[in-house]
Chemist: 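There's a structure below that I have some questions on.
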Amino acid sequence: MQEKSHTETPYTALGFYHKISQLRADTWNALTRDLGQLVRLRNDARARQLIKTIDIKLTRLEIIEDYHAFPSKEDFRHIRTLFHREEYATLEKVVKRLVRALISESYRRRHVDLSETDADAEDLETLDALNQLRRGHPASSSSAQPYFELLIVDNCSPQEEEVVREAFHHLRRPEDKFVYDVVTARSFEDALIAVLVNPNIQACLIRFDFPFKSKYNLSALRRYLEGLSEQALENQSEAERSILLSSMIHELRPEVDQFLVTSSDVESTASSDIRHFNRIFYRETDYIEQHHTILRAIDSRYRTPFFDALREYSKKPTGVFHAMPISRGKSVTRSHWAGQMIDFYGINIFLAETSATSGGLDSLLQPYGPIKKAQEYAARAFGARQSFFVTNGTSTANKIVVQALVKPRDIVLVDRDCHKSHHYGMVLAGAHVSYLDSYPLNDYSMYGAVPLKEIKKTLLTFKRNGQLDKVKMLLLTNCTFDGVVYNVRRVMEECLAIKPDLVFLWDEAWFAFATFNPTYRPRTAMHAARTLRERYRSEAYGEEYAAWKAEFDQLDPDDDATWLEQRLLPDPEVVRVRAYATHSTHKTLTSLRQGSMIHVYDQDFRQKVEAPFHEAYMTHTSTSPNYQIVASLDVGRMQAEMEGFELVHAQVEAALSLREQLYTHPLLQKYFQVLKNSDLVPAEYRQSGVETYYDPASGWDQMEEAWAQDEFVVDPTRITLAIGQTGIDGDAFKNDYLMNKFGIQINKTSRNTVLFMTNIGTSRGAIAYLLDVLIKLAKEFDRRWEESSRPERKLIEHRVHSLTRELPPLPDFSRFHDAFRRGAETTEGDIRSAYFLSYDEENTEYLRFDNGELQARMRDGRDVVAASFVIPYPPGFPVLVPGQVVSEEILHFLQALDVTEIHGYRPELGLLVFTSAALAEPPVY
Ligand SMILES: Cc1ncc(COP(=O)(O)O)c(C=O)c1O
């Protein structure tokens, strides 16, 4: 499952314990039910059968719970003893308590003693659950000490384990900021499995010699440990094994703080890559020192510098003698009319509203204090070298990055169906735009993503025309709105082989969450950039490149096929890794609306970009940035570092459950088709051959393979449902059925699809509700058919036919008109000059295409050229940009669209186009 390159850092695709936490919860619940039945049954055949299934469930749970601190191994021994003694009634009580403690998460707040099964103990559990319910979600309790688990990797006996656990328990003090329990892994494999299945693990203490293999035969889990073998580790020293384990844990969960306890001199070992250890301890029993170091490490992630500063500020009495009457709630608390704002929001939001940059606060425009710190923490969390907060969404973040890097007349390669902020950003920067076409998905009226070959071809054209020095940036959307994900590392590597200092802007508006899952993370810009940087500076890569170059030089460099068919490698002597990512933090992580971030991994940032970046940031950032948004970004970062792994995992689990039902439910299948990998990614881009991640027999076992290899993969958390068989179009389905009837909100539709996005807030309950609604709708469609007359049925059939068979092919980008072309042989266009040419009314006219007027001009041989953006919703990408020639295909597409909302098009007037005279010799703006 490693990417097929010689020395490239392996893709550690260990990431998906699909549905393990659901399996855990479901098995405990099923066990409670089984025990309940058993207790009520007399001793008959059914009872014997139940005892067998209970035994199987206990065995499964014993394995899962071995990786968790609660229930402890002691607790589990107690459960097993009760089972063997056939004390089923007591066992039922114990298991019920345990399940309650797991659900209410009371074990995070106090010791749950499962040997106490009296009424008081039960009452305590029930009371605890009630209290948590009253307060909201269990985890929202802010007064309690946050809880985490410390993983100790050590091949110790159960008695030794108990001693260590007790030693750490004894160190607990009420004034500690956090409380933790200990979970032990006795082997290399167990340690990896533990960090994958147990999100409570926040710190890891690697102790003495431990074997490679787990005692369990975890065939289902072992698949994820491919690429590692016992033999490979056999000859390693204890220290080397610890170091390898630490780097693998880091690859899976970089946020986990790792410590090493050793008696050897690790710095002197051959692979002395000890950078993933927070600290090394040389004395095993230095528990106090270890305890405080661990707490300090957790605290450095838990800290929220700006949120804290804002809360402190809100407590200070201040006299307001500047603008902003709402600050400290002054204008509303004494209002006779506007007090409802306080009633609704509470007072704190107003106490925290200020325009001051003093008093412990900071300035977003020139950060030096808590905002600076908060941004540094964000860079750590997202694996960037620098991170910047943006309080006006990724629409603004994108423009900042483009302005910081692109000068007028620089060439930028852009995917044409990218977000509109990029097109406007190109206008502002005066870039010469070379549009790239994504592969179309005509059957669903949507686009995929831009194939690497298309990008390479475009770069090669610029190279042959001697314009490569003008090509500045490649701008792509990852993942796309519909969840198509690039192989980011591969794209950057091959492009850098043609243009070694190319800058990449990855619009990850929808992908901030991806950093917190090990399968997704390698396909993020920051991870890919860091990996490539490390690769290019390694000796091994130097050798790989030399061997590759020797072979490549045997081929014909003037033949495009040489470049297009080969996997290209950049020259390590000249390559510069320069990557930028923009995140709508508010779309996929915790943040108030408009909270976004820019992440930078650019080797040349300090030297070449810092100053223009600052100016660009000033250009687009309000001088009155919203502090609540900044604070929410700070908290969102902290949450992602503390529990992003858990939340994203749960999100994926929820999405997989939904998909599983949709794949297998006969009634749902009749009307709704979930688009699989093979529907969204053509076979030529699926090198793994994986068509769907799901197999009814083996479950979700194909995902890592596809994510490790394929040019494009689909993010399973975004679920596109083809609804053509319902005879209802996407827009009507969204509004009339989902929203109006059932209050279900969705964002994107195409003519015959609707997109359901899950997020880190999606619960199992929400999934169940959605399924229930879809089943109700499917039943309604069944009824509609049964009760329809013959002509009505004909009408339904006609609509289904239209939505599934009569889909207008999606048009490619036609071309910029010659008046805006700047390269003789190349296709880039001066979009800015076209944009501003339309400001003079006499340069433009309206032509209608519904009455054939526009077509007649085209037949007369005139190039009809758009003077504005034309963006139909859906699909939401510009069908025309200023300066673009209107083609037959585009007209056909526009005519066939049955959407009501087309931005830039006025049906009563027509399309805004340039007059022929205006195109004769347009000025360059
Ligand atoms: C790909 C992409 N980029 C950027 C944006 C703009 O993000 P924001 O809403 O944070 O301004 C969007 C919004 O939907 C988007 O889909």
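FYI, the numbering just counts along the sequence from 1.
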Chemist: Do Asp710 and Ser688 have side-chain N/O donor and acceptor atoms under 3.5 Å apart?
Modeler: yes

Chemist: Test side-chain hydrogen bond (donor to acceptor under 3.5 Å, both in side chains) on His250 and Gln258 and set out the steps.
Modeler: CA-CA 9 Å; His250 183 81; Gln258 298 192 59; 4.9 Å; no

Chemist: Please list all pairs passing the salt bridge (charged side-chain N to carboxylate O under 4.0 Å, His left out) test where one or both residues lie in residues 379-391, with sequence neighbours left out.
Modeler: Arg380-Glu641

Chemist: According to salt bridge (charged side-chain N to carboxylate O under 4.0 Å, His left out), who are the partners of Arg821, at least two apart in sequence or on a separate chain?
Modeler: Asp818

Chemist: Does any non-hydrogen side-chain atom of Thr515 lie less than 4.5 Å from one of Met526?
Modeler: no

Chemist: With the threshold set at 4.0 Å, does a side-chain nitrogen-carboxylate oxygen contact exist between Arg301 and Glu255?
Modeler: no

Chemist: Any ion pair linking Arg464 and Asp560 (charged N to carboxylate O, less than 4.0 Å)?
Modeler: yes

Chemist: Identify whether the distance between the nearest side-chain nitrogen and carboxylate oxygen of Lys457 and Glu454 falls below 4.0 Å.
Modeler: no

Chemist: Determine yes or no for a side-chain-to-main-chain donor-acceptor pair under 3.5 angstrom, with Asp571 supplying the side chain and Glu573 the backbone.
Modeler: yes

Chemist: Among all residues two or more places apart in sequence or in another chain, which pass the ring pair (Phe, Tyr, Trp, His ring centres under 6.0 Å) test with Tyr835?
Modeler: Tyr839

Chemist: Is there a donor-acceptor pair closer than 3.5 Å between any side-chain N or O of Asp410 and the backbone N or O of Lys472?
Modeler: no

Chemist: Fit a plane to each ring of His422 and His419, take the angle between them on a 0 to 90° scale, and name the class: parallel (under 30°), tilted (30 to 60°) or perpendicular (over 60°).
Modeler: perpendicular

Chemist: Whether the side chain of Thr477 engages the backbone of Thr480 through a donor-acceptor N/O pair (distance < 3.5 Å, no angle test) should be reported.
Modeler: no

Chemist: Under 6.0 Å between the ring centres of Phe306 and Phe389?
Modeler: no

Chemist: Can you check whether Glu828's main-chain N or O pairs, donor with acceptor, with Thr826's side chain at less than 3.5 Å?
Modeler: no

Chemist: To the nearest 0.5 Å, tell me how far Thr394 OG1 sits from Glu508 CD.
Modeler: 10.5 Å

Chemist: Applying ring pair (Phe, Tyr, Trp, His ring centres under 6.0 Å), can you list everything that pairs with Phe388, at least two apart in sequence or on another chain?
Modeler: Phe613

Chemist: Do Leu475 and Leu413 come within less than 4.5 Å of each other through their side chains, counting heavy atoms only?
Modeler: no

Chemist: I'd like to check His583 versus Ser596 (side-chain heavy atoms, cut-off strictly below 4.5 Å). Are they in contact?
Modeler: no

Chemist: Do the charged groups of Lys499 and Asp501 touch, with an N to O distance under 4.0 Å?
Modeler: yes

Chemist: Tell me whether Lys372 is salt-bridged to Glu376, with the criterion being a basic N under 4.0 Å from an acidic carboxylate O.
Modeler: yes

Chemist: Check step by step if side-chain hydrogen bond (donor to acceptor under 3.5 Å, both in side chains) holds for Asn398 and Thr582.
Modeler: CA-CA 7 Å; Asn398 287 336; Thr582 49; 2.8 Å; yes

Chemist: Once you measure the plane-to-plane angle for Tyr925 and Phe836, does it fall in the parallel (<30°), tilted (30-60°) or perpendicular (>60°) bin?
Modeler: tilted

Chemist: Salt bridge check, Arg822 against Asp830: does any charged N sit closer than 4.0 Å to a carboxylate O?
Modeler: yes

Chemist: Please check if the side chain of Glu711 supplies one atom and the backbone of Leu452 the other of a donor-acceptor pair under 3.5 Å.
Modeler: yes

Chemist: When you compare the side chain of Tyr520 with that of His527, does any pair of heavy atoms fall below 4.5 Å?
Modeler: no

Chemist: Counting distance only, does the side-chain N/O of Arg718 pair as donor-acceptor with the main-chain N or O of Phe481 below 3.5 Å?
Modeler: yes

Chemist: With distance as the sole test, does Asn465 use its side chain to make a donor-acceptor pair with the main-chain N or O of Gln467 at under 3.5 Å?
Modeler: no

Chemist: Listed by chain and number, what are the salt bridge (charged side-chain N to carboxylate O under 4.0 Å, His left out) partners of Arg521, not counting sequence neighbours?
Modeler: none

Chemist: Using side-chain heavy atoms (C-beta onward) and a distance below 4.5 Å, is Arg416 in contact with Asp437?
Modeler: yes

Chemist: Quick one: side-chain contact (heavy atoms from CB on, under 4.5 Å) partners of Glu543, sequence neighbours excluded?
Modeler: none

Chemist: Flag the pair Trp563 / Phe552 as yes when their ring centroid distance falls below 6.0 Å, and as no otherwise.
Modeler: yes

Chemist: Please confirm whether Arg637 makes a cation-pi placement over Tyr377, using NZ or CZ under 6.0 Å from the six-membered ring centre and within 45° of the ring normal.
Modeler: no

Chemist: Mind telling me whether Phe511 and Phe513 have parallel, tilted or perpendicular rings, with 30° and 60° as the class edges?
Modeler: perpendicular

Chemist: Pick from Tyr447, Trp707, Tyr486: which one makes a ring-ring contact (aromatic ring centres under 6.0 Å, His included) with Phe712?
Modeler: Tyr486

Chemist: Looking at Arg686 and Val681, would you say the former's side chain and the latter's main chain have a donor-acceptor pair under 3.5 Å?
Modeler: yes

Chemist: Hydrogens and angles aside, do Thr562 and Asp556 bring a side-chain donor and acceptor to less than 3.5 Å of each other?
Modeler: no

Chemist: Heavy atoms, side chains only, cut-off 4.5 Å: are Leu568 and Trp548 in contact?
Modeler: yes

Chemist: Would you say the ring centroid of Tyr536 lies under 6.0 angstrom from that of Tyr541?
Modeler: yes

